Structures are given as structure tokens and as C-alpha cells.
Amino acid sequence: MPFNTPGPPGLFFAGFDKMVHCVLFFVLSVLYCAGSIRKWNTRSIRIEIAMKNTIVLISFGALIEMLQMRFFTWRSGDWNDLLADAIGGCMGIFGVMITSNALNHEKS
């Protein structure tokens, strides 16, 4: 079913696309942070790693939207999608920072 045709009632709702962007970037950021923690062999994510991860994730979201705007005829770039990507990425990084710091504080 094409995305631009309305489906049966209750299948999709207004803002569903933005929620999907947010959730997918949340998951991507958690996995990216987990990889960064393993790479740098730390017990929690440091602020400089979190800032680098934020820049990388927002840049990746911007690249996706630019590609959709410029090269793909069946897709269009949307600033709101980029905003949803950034919010999901920041939520994931913040969640990892809170949980990893709390777990490490608890072990001390």
C-alpha cells in the first residue's frame, strides 16, 4: 500500500511518520552509544562522546533528508522529519547517559 494513501481507520494517525522517525533514531542512538562505550572501554558514556554521537546522528538524519530532497523522486525531504530524528537521537543518548551513570554509581 503506498504511504500517501489513507488506510483503514486506526491503522495510521496524524504524526505517525514523525513518531517512527523518533523511535528509529532513539534505537539507533542507543546502539551507537553502546558501541562507543565498548570502543572506548568505559563504564559510562562521557560528555564528549555523547556530543560527538549527537553530531553524527543529526548529520546522518540531515544526509538522509537531503538525499530524499535531491535524488529520490518518490520521496521528499522534510524538516520535521529531521527534527524528529534529532529528538529521538537526543532522547536515546540522554537515556544511555542516565542509565549508565546510575548503574555505575550503584556499583561504587
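Values in this document were obtained by computation on a predicted structure and should not be read as measured data.
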Smallest heavy-atom separation, Gly61 atom then Asp85 atom, equals CA-OD2, 3.8 Å

Please, which pairs that meet ring pair (Phe, Tyr, Trp, His ring centres under 6.0 Å) have at least one residue in residues 19-56, sequence neighbours excluded? none

State, with a plain yes or no, whether a side-chain heavy atom of Asp78 is found less than 4.5 Å away from one of Lys18. yes

Of all residues at least two apart in sequence or in a different chain, which pass the side chain to side chain contact (heavy atoms under 4.5 Å, CB included) check with Val23? Met19

Tell me the closest heavy-atom pair linking Gln68 and Ser76, and the distance in Å. OE1-O, 3.3 Å

Can you give the donor-acceptor pairs under 3.5 Å from side chains of residues 47-57 to other protein atoms, not counting sequence neighbours?
{"unit_1": "Glu48", "atom_1": "OE2", "unit_2": "Arg46", "atom_2": "NE", "d": "2.6"}
{"unit_1": "Asn53", "atom_1": "OD1", "unit_2": "Ser36", "atom_2": "OG", "d": "3.4"}
{"unit_1": "Asn53", "atom_1": "ND2", "unit_2": "Ser36", "atom_2": "OG", "d": "3.3"}
{"unit_1": "Thr54", "atom_1": "OG1", "unit_2": "Ala50", "atom_2": "O", "d": "2.8"}

Using the test side-chain hydrogen bond (donor to acceptor under 3.5 Å, both in side chains), find all partners of Ser100 that sit at least two apart in sequence or belong to another chain. none

d(Ser59 OG, Leu82 CG) to nearest 0.5 Å is 9.5 Å

Which distance, rounded to the nearest 0.5 Å, do you find between the CD1 of Ile98 and the CD1 of Ile45? 11.5 Å

Residue pairs involving residues 66-97 (criterion ring pair (Phe, Tyr, Trp, His ring centres under 6.0 Å); sequence neighbours excluded): Phe72-Trp74

Correct closest heavy-atom pair for Gly89 and Ser29 would be O-OG, 3.3 Å

Hey, could you give me the CG/CD1 distance between Leu83 and Ile58, rounded to the nearest 0.5 Å? 9.5 Å

Between Leu24 and Phe60, is there shared hydrophobic-cluster membership here, with clusters defined by ILVMFWY side-chain heavy atoms closer than 4.5 Å? no

Answer yes or no: is there a side-chain heavy-atom contact under 4.5 Å between Val96 and Ile37? yes

Set of residues satisfying side-chain hydrogen bond (donor to acceptor under 3.5 Å, both in side chains) with respect to Asn101, sequence neighbours excluded: Ser44

